[in-house]
Protein chains: 2
Amino acid sequence: MTTPARATGARPDDSPGDLFNPACPTRQVLDRLSGKWESMLIKVLAGAAPGEVRFAELRRRVSGISQKMLSQTLRSLERDGLVARRVEPTVPPAVHYSLTPLGLSLDGPLDVLRQWAERHVVEIETARTRYDEA
Amino acid sequence: MTTPARATGARPDDSPGDLFNPACPTRQVLDRLSGKWESMLIKVLAGAAPGEVRFAELRRRVSGISQKMLSQTLRSLERDGLVARRVEPTVPPAVHYSLTPLGLSLDGPLDVLRQWAERHVVEIETARTRYDEA
DNA sequence: CTGTATCCACTCAGATACTG
DNA sequence: CAGTATCTGAGTGGATACAG
């Protein structure tokens with residue numbers, strides 16, 4: 001994702017109604033959430049809040065995710081300050097993940113979207129079917 | 001994206017807290033919005049609602065988008081019943097796009113996310129910088 | 001247990017050129 | 001004007017193997 005530095009340069013880019021300039025905050029957040037697992041991870045962690053969840057347990061809760069994507073997604077979430085990581089220096093190590101206050105504050109907005117989704121999936125699927133028939 | 005039919009099959013997949021099964025509506029909606037342009041297009045069209053916007057005008061309003069991505073994104077949005085397309089049979093043809101009631105109803109939830117984004121971008125950027133330094 | 005490294009397939013997104 | 005077709009590079013995500 002990583003905000004593309006203005007694409008072509010075809011136009012000098014000073015259009016009035018340009019939502020693309022300057023680097024739209026919404027874009028950045030949406031990009032962050034646009035991955036395949038980000039939003040699910042936040043929901044799972046929010047569901048466990050304020051408790052911590054270990055790596056293996058997360059893997060179980062978000063079934064279908066690969067080890068790679070789990071650690072990759074967690075790292076990106078941690079980088080953005082949405083997820084906290086705590087390592088217990090035992091052998092073998094136990095790593096606990098939890099939502100930061102910032103991460104937790106995102107769950108509300110995400111939930112609004114979730115509710116919209118649940119209310120309208122059928123409509124969308126209907127529209128899709130109708131479109132594909134034509 | 002297209003919901004991946006349960007990945008590996010490693011586990012019989014009947015975990016209790018499994019958000020992945022059955023095909024989560026949230027996932028589908030988030031997937032729909034996860035593209036680079038989808039949410040921006042909805043915002044632009046919502047800003048013009050209930051008016052219609054022509055193809056070329058959209059291209060101007062969402063600067064940086066290529067012709068290909070614009071038509072591609074509009075088609076997927078139309079397919080899902082979020083966007084309406086009206087062709088005026090003149091020569092050359094004039095095509096008008098607008099949000100359907102369904103599409104319009106999505107603008108609210110999206111706006112919640114936008115507001116969250118605007119309130120917290122700085123925090124996120126700070127966290128990111130701090131993480132990258134370590 | 002909790003990752004990282006590597007390889008590979010697939011999709012996304014942009015550039016360019018062409019059509020009704 | 002409003003697209004479609006094609007080519008290409010970059011990014012995403014999965015499988016597998018290996019490491020602290």
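Residue order along DNA chain C, read from the 5' end via each residue's closest nucleotide, puts His96(A) first among His96(A) and Pro92(B).
At whole-Å resolution of the value, CZ in Arg59(B) and C1' in dA15(C) are 11 Å apart. To the nearest angstrom, C1' of dC1(C) lies 13 Å from CG of Leu70(A). The CD atom of Gln67(B) sits 16 Å away from the P atom of dT6(D) (whole-angstrom rounding). Residue Phe55(A) contributes atom CZ, which lies 14 Å from atom C1' of dG20(D) at whole-angstrom precision. One can place CE of Met69(B) at 19 Å from P of dA2(D), the figure rounded to the nearest angstrom. We find that CD of Glu38(A) is positioned 13 Å from C1' of dG11(D), with the value rounded to whole Å. The distance from atom CG of Leu58(A) to atom P of dG3(C) is 10 Å, rounded to the nearest whole Å. Between Leu74(A) atom CG and dG3(C) atom P the separation is 8 Å, expressed in whole Å.
Using a 4.5 Å heavy-atom threshold, the side chains of Leu45(B) and Leu58(B) count as touching. The side-chain heavy atoms of Leu74(A) and Phe55(A), taken from C-beta on, include a pair separated by under 4.5 Å.
Here Arg54(A) does not reach the OP1 or OP2 of dG3(C): none of its side-chain N or O atoms lies under 4.0 Å away. The side chain of Ser71(B) contributes an N or O atom lying less than 4.0 Å from OP1 or OP2 of dT4(D). Remark: Tyr97(A) is in phosphate contact with dG3(C), judged by side-chain N or O atoms under 4.0 Å from OP1 or OP2. Look at Lys68(B) and you won't find any side-chain N or O under 4.0 angstrom from OP1 or OP2 of dT16(C). Of the side-chain N and O atoms in Arg86(B), none sit less than 4.0 angstrom from OP1 or OP2 of dA2(D). When the side-chain nitrogen and oxygen atoms of Arg75(B) are compared with OP1 and OP2 of dT4(D), one or more of them lie within a distance under 4.0 Å.
Distances were taken from every side-chain heavy atom of Trp37(A) (C-beta onward) to each of dG14(D), dC1(D), dC1(C); the shortest belongs to dG14(D).
When the options Leu99(A), Asp107(A), Leu102(A), Leu104(A) are evaluated for a side-chain contact (heavy atoms from CB on, under 4.5 Å) with Leu82(A), the one that passes is Leu102(A).
At the heavy-atom level, Gln72(B) lies nowhere under 4.0 Å from the strands shown.
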- Item | Stepwise salt bridge (Lys or Arg N to Asp or Glu O under 4.0 Å) test for Glu57(A) and Arg60(A) | CA-CA 5 Å; Glu57(A) 176 62 20; Arg60(A) 234 165 294 131; 2.5 Å; yes
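Ion pairing between a basic and an acidic side chain is recognised when a charged N comes within 4.0 Å of a carboxylate O; Glu88(B) and Arg86(B) show such pairing.
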